[in-house]
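Shown next, in structure tokens, is the structure this report addresses.
Letters go in sequence order (proteins before strands), and every chain restarts at 1. Since the model is a prediction, treat every value here as computed from it, not as a measurement.
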Protein chains: 2
Amino acid sequence: MPTISERRERERAHRHQLIITAARELAEAEGWEAVTTRRLAERVEYSQPVLYSHFNGKDAIVSAVALDGFSQLAAHLSHARQAATEPGQAALRAVSHAYLAFATERPALYQAMFILPTDLKFASTETPAPLRASFDEFVNCFHPDNERRELFAEVIWSALHGIAVLSGSGRIPPDGQEERVDLIIAQIAGTRQDRQRHKRGSRSRT
Amino acid sequence: MPTISERRERERAHRHQLIITAARELAEAEGWEAVTTRRLAERVEYSQPVLYSHFNGKDAIVSAVALDGFSQLAAHLSHARQAATEPGQAALRAVSHAYLAFATERPALYQAMFILPTDLKFASTETPAPLRASFDEFVNCFHPDNERRELFAEVIWSALHGIAVLSGSGRIPPDGQEERVDLIIAQIAGTRQDRQRHKRGSRSRT
DNA sequence: GACTACATCCTAGCAACGCTAGACATCCTG
DNA sequence: CAGGATGTCTAGCGTTGCTAGGATGTAGTC
């Protein structure tokens with residue numbers, strides 16, 4: 001067993017993660033426009049080319065940060081959902097608030113996940129697990145018998161994302177978030193959803 | 001009467017608009033990453049510095065394109081709303097579909113309006129008229145007596161924006177848009193609003 | 001009509017960007 | 001201890017947004 005190259009591989013993996021966290025921290029401290037390959041290299045105390053031995057380019061680094069972010073988001077949402085006193089609407093409310101809290105408290109990370117161009121594959125067979133896990137937190141707020149729970153999850157997610165990004169960029173007033181979320185949940189996950197159950201087949205989502 | 005400098009001012013205004021449309025056309029043809037100051041200057045057949053005599057920088061050019069876009073969007077939505085056979089939910093449905101159609105058919109323009117960094121002031125006293133006009137198209141789908149019509153409009157807009165941007169970037173499957181919009185409208189503007197009536201003393205139909 | 005004053009526009013260049021080739025150093029292997 | 005592979009850095013390429021300073025042409029005055 002080549003224990004010697006194992007150590008190298010370990011060090012390499014460690015440095016890989018170091019780059020990712022350095023990029024995230026730099027972005028969270030000064031914004032993504034401040035994350036240049038030079039400054040990032042300086043921060044990890046290596047020269048620029050080592051970045052390219054780990055990632056295909058800057059976009060790949062952003063993608064790695066985003067993927068990390070999805071893991072954190074999935075954990076965050078999962079925690080909120082399981083902390084809810086009861087499933088159903090209460091869980092959905094908890095997850096939704098957790099989602100918006102994540103978006104507002106970590107804007108740079110959220111930006112990497114949803115706004116900056118990344119290489120991540122969404123909604124396909126090669127979708128990374130953390131992405132799917134985050135999405136499933138919404139899906140699992142609905143009853144398994146609900147054939148349209150994925151559709152509901154998509155819509156909820158979209159609405160929350162819209163609220164997050166529009167208020168984050170000042171397109172809608174930043175205050176009153178609470179009110180909007182409450183309205184969405186009341187309308188989407190209110191009693192109506194029970195009536196939907198007997199209708200319509202589901203769409204396919206990979 | 002300084003007819004001589006008037007002509008200059010006219011020519012200058014004409015060139016101003018020329019730059020804006022050239023930027024938009026270039027973005028729509030090859031994407032915003034292809035819109036560089038050099039290529040744009042070449043396209044309007046002037047040198048780079050003239051761009052800076054019209055705009056403070058590239059962001060200002062993008063902002064001007066975005067502002068133009070909001071005028072088009074407002075007209076587009078207004079047309080759809082007034083073409084609706086009846087006000088209320090039908091109008092909201094028409095406006096929503098028109099909004100998503102605009103977003104998908106003119107992705108580059110939509111990107112300038114909502115994703116790229118711009119200097120535009122939203123949701124403030126100095127909000128440009130076209131922005132407010134676009135927003136009001138949603139507001140006007142609800143009955144004036146509805147005290148929460150602005151809130152409803154914000155939520156509808158947010159949800160639509162979320163759908164547009166998430167599917168546009170492949171975060172959710174691009175097909176099934178129709179279904180999502182239908183769901184949102186049904187849930188937001190559907191029968192549930194009747195329940196709001198006895199709760200808040202208002203009704204949302206136009 | 002010549003001269004000054006001014007506005008307009010372009011050539012040339014700066015610093016910073018993402019990215020890469022090739023030289024240099026380091027380490028394991030035989 | 002040599003040889004080769006591996007890893008890292010220096011240096012530089014092409015492009016970006018943006019700007020200084022000179023050239024060119026126009027307008028106004030004697």
Side-chain angles (χ1 to χ4, degrees), chain A residues 1-20 22-24 26-27 29-66 108 111-112 116-119, chain B residues 1-20 22-24 26-27 29-66 108 111-112 116-119:
Chain A
M1 271 307 192
T3 176
I4 178 71
S5 61
E6 271 184 4
R7 191 211 65 211
R8 286 198 167 169
E9 198 57 40
R10 217 165 43 231
E11 289 176 349
R12 187 172 171 79
H14 178 261
R15 195 173 58 181
H16 189 91
Q17 191 59 38
L18 184 69
I19 294 173
I20 296 176
R24 177 171 45 75
L26 189 53
E30 308 183 34
W32 278 106
E33 71 280 358
V35 181
T36 70
T37 57
R38 274 168 245 265
R39 289 202 59 185
L40 185 53
E42 180 187 18
R43 188 146 171 153
V44 298
E45 295 177 310
Y46 282 95
S47 66
Q48 286 176 277
V50 304
L51 302 180
Y52 294 89
S53 75
H54 284 270
F55 302 94
N56 277 337
K58 192 185 175 182
D59 284 2
I61 298 179
V62 178
S63 302
V65 173
Q111 207 176 357
L116 298 181
T118 65
D119 309 339
Chain B
M1 274 302 200
T3 176
I4 177 72
S5 60
E6 271 185 4
R7 192 211 64 211
R8 284 200 169 167
E9 198 56 40
R10 216 165 44 231
E11 289 177 349
R12 187 173 171 78
H14 178 261
R15 194 173 59 181
H16 190 91
Q17 191 59 38
L18 185 68
I19 294 173
I20 296 176
R24 176 171 45 75
L26 188 53
E30 307 184 34
W32 278 105
E33 71 280 357
V35 181
T36 71
T37 57
R38 272 166 245 267
R39 289 202 59 185
L40 185 54
E42 181 187 19
R43 189 147 170 150
V44 298
E45 294 178 310
Y46 283 95
S47 66
Q48 286 177 275
V50 304
L51 302 179
Y52 294 89
S53 74
H54 284 270
F55 302 95
N56 278 336
K58 193 185 175 183
D59 284 2
I61 299 179
V62 178
S63 301
V65 173
Q111 207 176 357
L116 298 181
T118 66
D119 310 339

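Atom CG of L51(A) and atom C1' of dC17(C) are 14 Å apart (whole Å). Rounded to whole angstrom, the span from the CD atom of E33(A) across to the C1' atom of dG18(C) amounts to 16 Å. Remark: C1' of dA11(D) and CZ of R38(A) are 11 Å apart, rounded to the nearest angstrom. D59(B) has its CG atom 10 Å from the C1' atom of dG17(D), to the nearest Å. For I61(B) and dC18(D), the CD1 to C1' distance is 11 Å, given to the nearest whole Å. Rounded to whole Å, the distance from CZ on R12(A) to P on dT8(D) is 7 Å. At whole-Å resolution of the value, CD in E11(B) and P in dT26(D) are 12 Å apart. Between the NE2 atom of H54(A) and the P atom of dC9(D) there is a distance of 11 Å, rounded to whole Å.
W32(B) is listed as a side-chain neighbour of V65(B), based on a closest heavy-atom distance under 4.5 Å.
When heavy atoms are screened at a 4.0 angstrom cut-off, R15(B) is found touching the sugar-phosphate backbone but no base atom. Residue S47(B) is in base contact, counting any heavy-atom pair closer than 4.0 Å across all strands shown.
With distances taken from any side-chain atom of P49(B) to the nucleotides dA21(C), dT11(C), dG18(C), the minimum falls on dT11(C). With dT8(D), dT10(D), dC9(C) as the candidates, the nucleotide lying closest to the side chain of V50(A) is dT8(D). Comparing dC18(D), dG18(C), dC10(C) by their closest approach to the side chain of K58(B) singles out dC18(D). Taking the side chain of Y52(B) as heavy atoms from C-beta on, and the options dT10(D), dC18(D), dC19(C), the nearest nucleotide is dC18(D).
Position along DNA chain C of the nearest nucleotide to R39(A) versus Y46(B) favours Y46(B) as the more 5'-ward residue.
For T37(A), no side-chain nitrogen or oxygen approaches OP1 or OP2 of dC19(C) to under 4.0 Å.
The only option from K58(B), E42(B), Q48(B) that meets the side-chain hydrogen bond (donor to acceptor under 3.5 Å, both in side chains) definition with T37(B) turns out to be Q48(B).
To the nearest 0.5 Å, the span separating CG on L51(B) from CG on N56(B) amounts to 12.5 Å. Note that CG of L18(B) and OH of Y46(B) are 8.0 Å apart. Values are rounded to the nearest 0.5 Å. A distance of 9.0 Å separates CZ of R15(A) from CD of E11(A), quoted to the nearest 0.5 Å.
Applying the 3.5 Å distance criterion, the base of dC9(D) shares no donor-acceptor pair with the side chain of Q48(A).
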